[in-house]
Amino acid sequence: MKQKIAGILLAGGQSSRMGRDKAMLDIGGKPVIQRVADTLLQCTPDVCLAVANEGDYRFLDLPVAADEYPGYGPLAGIYAGMKHIEADWYLVAACDMPFTSVDLMRNMLEIAIDMHEDGIGIPLSQAVVPTYQDRMHPLYAVYHRTVMPALKQALDHKQLKVMDWVEQHNLGEIPLEGQLPDRQGELSNSYDVTPWCLYNMNDPEAYEQARRMHILKEMPGN
């Protein structure tokens, strides 16, 4: 049976450490949120934006998922997206990841769909999350619709730590080390997987690092 796929772009953070809206930071002449949106749209046409205030992001031309739990962080954004678009699997990506990889997202989705369901319809893996150097990245991951009840329960009880919630589920991990090509020093373009595809920007120093990495990527010979 064909699985319906949807994308959820998370853009509801306060950007307190950055001091300005990190979703709108420029990388290579394009806001980072646009770069993430482009990745999701190459995986599925059904992408929604989970954000408290849509005004700044209308240029994306994406439907906005209503936030039922304002101020509750990324779990609230995931829940809003799942309620907004009915699907079997959801591709989730945060707005502050300038080097997202279409290949990695597609690989995670393929692994998720290949998981066989048991007799009561629960997939052997309800989430596929990438890891790098033993660190999980649950905000660039794939989730099955069956996580919604536990997600709502966590929100209702103000249990908002993402990793605590993720670890409640049947979890599939995809080590990034096993996805890397030989050219490990290169950055991610639209169809490449490198360590940088899980890089996120939470403070000005991380943003400056991302800018430098993008410049290096654009230099002749890279």
Side-chain angles (χ1 to χ4, degrees), residues 4-87 89-106 108-109 137-143 187-192 196-218:
K4 182 175 180 181
I5 312 302
I8 303 172
L9 175 49
L10 302 175
Q14 298 299 314
S15 300
S16 56
R17 281 185 283 171
M18 186 65 73
R20 49 180 166 157
D21 185 359
K22 59 185 177 181
M24 294 299 293
L25 294 175
D26 181 274
I27 296 289
K30 184 184 293 186
V32 64
I33 193 172
Q34 180 71 70
R35 300 172 71 91
V36 181
D38 291 346
T39 295
L40 290 172
L41 287 166
Q42 289 185 69
C43 299
T44 173
D46 296 317
V47 176
C48 68
L49 179 65
V51 63
N53 179 13
E54 66 177 293
D56 293 336
Y57 310 122
R58 288 176 183 159
F59 67 93
L60 294 172
D61 197 27
L62 293 176
V64 175
D67 190 350
E68 295 185 16
Y69 298 89
Y72 276 36
L75 291 184
I78 296 172
Y79 183 73
M82 288 182 169
K83 286 203 70 175
H84 187 80
I85 304 178
E86 184 175 343
W89 291 97
Y90 295 88
L91 316 178
V92 172
C95 69
D96 60 352
M97 304 177 70
F99 307 120
T100 52
S101 164
V102 174
D103 267 358
L104 178 59
M105 187 63 82
R106 287 175 173 166
M108 290 191 295
L109 181 59
H137 294 265
L139 299 185
Y140 191 73
V142 179
Y143 296 97
L187 294 181
S188 173
N189 58 40
S190 293
Y191 291 92
D192 198 7
W196 289 96
C197 64
L198 297 176
Y199 184 80
N200 68 305
M201 308 181 304
N202 284 319
D203 54 44
E205 291 76 15
Y207 174 46
E208 289 305 316
Q209 176 77 345
R211 291 180 61 195
R212 289 194 294 269
M213 291 303 101
H214 181 77
I215 291 171
L216 287 174
K217 172 178 180 280
E218 296 301 310

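The first residue of the sequence shown is numbered 1, and numbering continues consecutively from there.
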Any donor-acceptor pair under 3.5 Å from Tyr140 side chain to Tyr199 backbone
no
Considering all heavy atoms of both residues, which atom of Ala23 and which atom of Tyr57 are nearest to each other, and what is their separation?
CB-OH, 3.8 Å
Knowing that exactly one of Leu49, Leu41, Val51 qualifies, which makes a side-chain contact (heavy atoms from CB on, under 4.5 Å) with Leu9?
Leu49
Would you please test Met213 and Gln209 for side-chain contact (heavy atoms from CB on, under 4.5 Å) and show each step?
CA-CA 6 Å; Met213 291 303 101; Gln209 176 77 345; 4.2 Å; yes
Can a side-chain donor-acceptor contact be found between Asp38 and Gln34 if the only test is distance below 3.5 angstrom?
yes
Does some side-chain heavy atom of Pro98 sit less than 4.5 Å from a side-chain heavy atom of Trp196?
no
Mind listing the closest non-hydrogen atom pair of Ala50 and Gly77 along with its distance?
CB-O, 3.4 Å
Please check: side-chain N/O of Thr100 versus main-chain N/O of Thr39, any donor-acceptor pairing under 3.5 Å?
no
Quick one: pull up OH in Tyr90 and CG in Asp46 and give me the separation to the nearest 0.5 Å.
10.0 Å
Separation of Leu109 CG from Leu104 CG (nearest 0.5 Å)
11.0 Å
Working to the nearest 0.5 Å, report the span between CG of Asp67 and OH of Tyr72.
10.5 Å
State the OG1-CD1 distance between Thr44 and Ile85, to the nearest 0.5 angstrom.
7.5 Å
Tell me the closest heavy-atom pair linking Ala65 and Cys48, and the distance in Å.
CB-SG, 4.2 Å
Once you measure the plane-to-plane angle for Phe99 and His214, does it fall in the parallel (<30°), tilted (30-60°) or perpendicular (>60°) bin?
parallel
Point-to-point distance, once rounded to the nearest 0.5 Å, from CG of Asp96 to CG of Leu25:
9.0 Å
Does Tyr207 reach the main-chain N or O of Asp26 with its side chain, forming a donor-acceptor pair under 3.5 Å?
yes
Taking all heavy atoms of Ala141 and all of Met105, pick out the closest pair and write down the distance.
O-SD, 4.3 Å
Could you walk me through whether Met108 and Trp89 satisfy the side-chain contact (heavy atoms from CB on, under 4.5 Å) test, starting with their C-alpha distance in whole Å, then the side-chain angles of each, then the deciding distance to 0.1 Å, before giving a yes or no?
CA-CA 11 Å; Met108 290 191 295; Trp89 291 97; over 6 Å; no
Looking only at non-hydrogen atoms, find the nearest pair between Ala87 and Lys4 and report the distance.
CB-O, 3.6 Å
Where do Met201 and Ala206 come nearest, in terms of heavy atoms and distance?
CA-CB, 3.9 Å
Rounded to the nearest 0.5 Å, the CG atom of Leu75 sits from the CG atom of Leu10 at a distance of 9.5 Å
